[in-house]
There are 2 protein chains.
Amino acid sequence: MDNKIKPIKKRRLSEEVLKKLQSMIIDGTYKTGDQLPSERELSELFQVSRASIREALRVLGTLGFLDSRVGVGGGTFVKKISIDALINPFSEILGNEKELIIEMLEFRRILETEIARLAALRRTEEDIARMERSIDLMREDIENGGIGIEGDTAFHDALAAACKNSVFEKMLLMAKGLLVKTRQTTLKLKGRPEKGLEDHIKIFNAVKKGNSKLSLKLMMEHIEKAQADATVKNF
Amino acid sequence: MDNKIKPIKKRRLSEEVLKKLQSMIIDGTYKTGDQLPSERELSELFQVSRASIREALRVLGTLGFLDSRVGVGGGTFVKKISIDALINPFSEILGNEKELIIEMLEFRRILETEIARLAALRRTEEDIARMERSIDLMREDIENGGIGIEGDTAFHDALAAACKNSVFEKMLLMAKGLLVKTRQTTLKLKGRPEKGLEDHIKIFNAVKKGNSKLSLKLMMEHIEKAQADATVKNF
DNA sequence: GACCTTTCAAAGGTCTTACCTTTATATTAT
DNA sequence: ATAATATAAAGGTAAGACCTTTGAAAGGTC
């Protein structure tokens, strides 16, 4: 046969445009803050319909690379790239893929322990105050018969803020979103809330003292305990 | 003043559609493999133009949640959700945001050390063979005057595969993409290639023996060495 | 009856055109 | 000088017409 295998991928026009614009942003043709040509001009330049242009712009926009404003002085602009742009804005959509949940838990463990370690090294007075508030919040809720989930979350968020690394912070945010169901399940188990609170207090003291090794160790144990039950049974 | 603050966010119609479809996928209205109504039907259902529908579908498609085929038996289908869908498909776009690079390096350090630890616990014969090949590759390139970047990358990839956690694997992939320039810079420094190779061999032996603690420790040192120069000077 | 060819229609892909909405600025009137 | 008004550019939306792809049904041939 003369025919070779056909890897002929027909791309949509909007994808071509997408790729092109992407590479133009990467190579610096359009830099942060720059204005792109208007949709009508792009349509003219790429020789495709405005609809195709818009489909590409919409994707780039949703992904956090572009920003559009109507009116005079409006147009499409290249946004400052942030970590948010790395994480899929629809992460929550993950749902119940079991293997992934196990893997995500593993990921979260290492993420949180490192956050605790860094937090011990970098926390400010403000961070410490925020952690204290979260602990109080959790205590109060538990005393009133709640499971303290709000304070629990607040504590981990406060730690993440204290570690002064936006990548870790965002990663944790993503992981949390994905594992929200898992966490709720875990916390509902009898006795967990009180023990969780104890753990938080210990971690807090270690972080406050700036003892990074201890912070890491305690967080590791905290997560491992919390996950021990969850991993196999609850899904 | 009677006027309250205006949180009036006018959303684009395509965004409304996007949100709605997203929530329908999350809540299980449309499950993996299901076919969505045709664009024309959706247009009718949502009472918006087909263009708006398409803009929403294009975003969901690019994000990896949907898949479209033309022709008879074609249509728009819900894809199986994978980890890939969590990472922005355009991560490479990051570029030279300095603060982010520092933070990403910190992230990569913890990622790679944990990968090394897990790899020591889970590596198969196949993984070991793959690591060996990468080491040979690096050695040969260095002997021929190269910087061994290909083998270097291959080694880290092999480790990632050996850790048997797709989340770590994908995260590393993302981090690598973002830091590609950084890595090249680092490797070009005099003397680095040989030292890097030595490190790899040591790590390899630890992983092969299944010594997870040592693997972690060696990788930690390896990364720290490699990053020590890079962090401040080279950007 | 088995097999090939043709026809067909649904669904995505694309283009065109027209109109709406927003909004800073220039113009005009008071 | 101030306030009301017109303007035009740019994004947002709609409607409709084609094009292309592609599996399956219909029909014909051996």
Side-chain angles (χ1 to χ4, degrees), chain A residues 3 5-22 24-25 30 33-79, chain B residues 1 3 5-22 24-25 30 32-79:
Chain A
N3 298 329
I5 308 158
K6 303 181 183 177
I8 304 170
K9 22 171 136 179
K10 280 197 189 164
R11 287 249 224 56
R12 272 180 282 248
L13 291 183
S14 62
E15 284 178 50
E16 302 281 0
V17 175
L18 181 60
K19 285 285 176 198
K20 183 63 183 170
L21 288 177
Q22 182 198 0
M24 290 177 89
I25 294 177
Y30 295 120
D34 283 359
Q35 177 170 18
L36 265 55
S38 73
E39 296 181 354
R40 289 168 179 84
E41 284 176 291
L42 286 171
S43 166
E44 183 67 26
L45 290 169
F46 283 108
Q47 287 291 301
V48 300
S49 76
R50 209 181 138 205
S52 295
I53 296 289
R54 281 182 60 84
E55 287 180 12
L57 293 181
R58 193 83 325 108
V59 172
L60 257 354
T62 307
L63 260 36
F65 297 121
L66 298 178
D67 199 16
S68 296
R69 296 196 300 273
V70 297
V72 177
T76 304
F77 301 84
V78 180
K79 269 174 81 167
Chain B
M1 298 272 282
N3 297 330
I5 308 157
K6 304 181 185 179
I8 305 171
K9 20 170 136 178
K10 278 197 190 166
R11 286 250 222 56
R12 272 180 282 247
L13 290 184
S14 63
E15 285 179 50
E16 301 282 359
V17 174
L18 181 60
K19 284 286 174 196
K20 183 63 183 170
L21 288 177
Q22 182 198 0
M24 289 177 90
I25 295 177
Y30 295 119
T32 302
D34 283 358
Q35 178 171 17
L36 265 54
S38 74
E39 295 181 352
R40 290 167 177 85
E41 284 176 289
L42 286 171
S43 165
E44 182 67 26
L45 289 170
F46 283 108
Q47 287 291 302
V48 300
S49 76
R50 212 182 136 204
S52 297
I53 296 289
R54 280 182 61 85
E55 288 179 11
L57 293 179
R58 194 81 328 107
V59 172
L60 257 352
T62 307
L63 259 36
F65 297 121
L66 297 178
D67 200 14
S68 296
R69 297 196 299 275
V70 296
V72 176
T76 304
F77 301 84
V78 179
K79 270 174 79 167

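Note on naming: letters A, B, ... go to the chains in the order of the sequence lines (proteins, then strands), and numbering restarts at 1 for each one. Quantities reported herein were computed from a predicted structural model and do not represent experimental measurements. Values reported hereafter were calculated over all heavy atoms of this structure, with side chains retained and with hydrogens, waters and symmetry mates removed.
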Sequence neighbours excluded, which residues qualify as side chain to side chain contact (heavy atoms under 4.5 Å, CB included) partners of Arg69(A)? Phe77(A)
Within this structure, what is the CZ-to-P distance between Arg11(B) and dT13(D), rounded to whole angstrom? 12 Å
Output a table of nitrogen or oxygen pairs between the protein and nucleotides 4-10 of chain D separated by less than 3.5 Å.
none

Considering residues at least two apart in sequence or located in another chain, which fulfil the side-chain hydrogen bond (donor to acceptor under 3.5 Å, both in side chains) criterion with Gln35(A)? none
Paired with dC30(D): which nucleotide, if any, by Watson-Crick or G-U wobble criteria at under 3.5 Å for both distances? dG1(C)
Taken to the nearest whole Å, CZ/Phe46(B) to P/dA14(D) is 13 Å
Whole-Å distance, Leu13(B) CG to dG11(D) C1', equals 13 Å
Separation of Glu15(A) atom CD from dT14(C) atom P, in whole Å? 9 Å
How far does CD of Glu44(B) sit from CD1 of Ile53(B), to the nearest 0.5 angstrom? 10.5 Å
Would you give the length of the straight line joining atom OG of Ser52(B) to atom CG of Leu42(B), rounded to the nearest 0.5 angstrom? 12.0 Å
Across all chains, not counting sequence neighbours, the side-chain hydrogen bond (donor to acceptor under 3.5 Å, both in side chains) partners of Glu41(A) are Ser38(A)
dG11(D) P sits how many Å from Glu44(A) CD, rounded? 15 Å
Using salt bridge (Lys or Arg N to Asp or Glu O under 4.0 Å) as the criterion, list what pairs up with Arg54(B), not counting sequence neighbours. Glu55(A), Glu39(B)
Rounded to whole Å, the CG-P distance (Leu42(A) to dT14(C)) equals 16 Å
Glu15(A): side-chain hydrogen bond (donor to acceptor under 3.5 Å, both in side chains) partners, not counting sequence neighbours: Arg12(A)
Not counting sequence neighbours, which residues clear side chain to side chain contact (heavy atoms under 4.5 Å, CB included) with Lys79(B)? List them please. Asp67(B)
For DNA chain D, the residues among residues 47-56 of chain A that have a non-hydrogen atom under 4.0 Å from it: Arg50(A), Arg54(A)
What pairs with Leu36(B) under side chain to side chain contact (heavy atoms under 4.5 Å, CB included), at least two apart in sequence or on another chain? Leu21(B), Tyr30(B), Leu57(B), Leu66(B), Thr76(B), Val78(B)
Would you mind reading off the distance between Glu16(B) atom CD and dA14(D) atom P, rounded to a whole angstrom? 12 Å
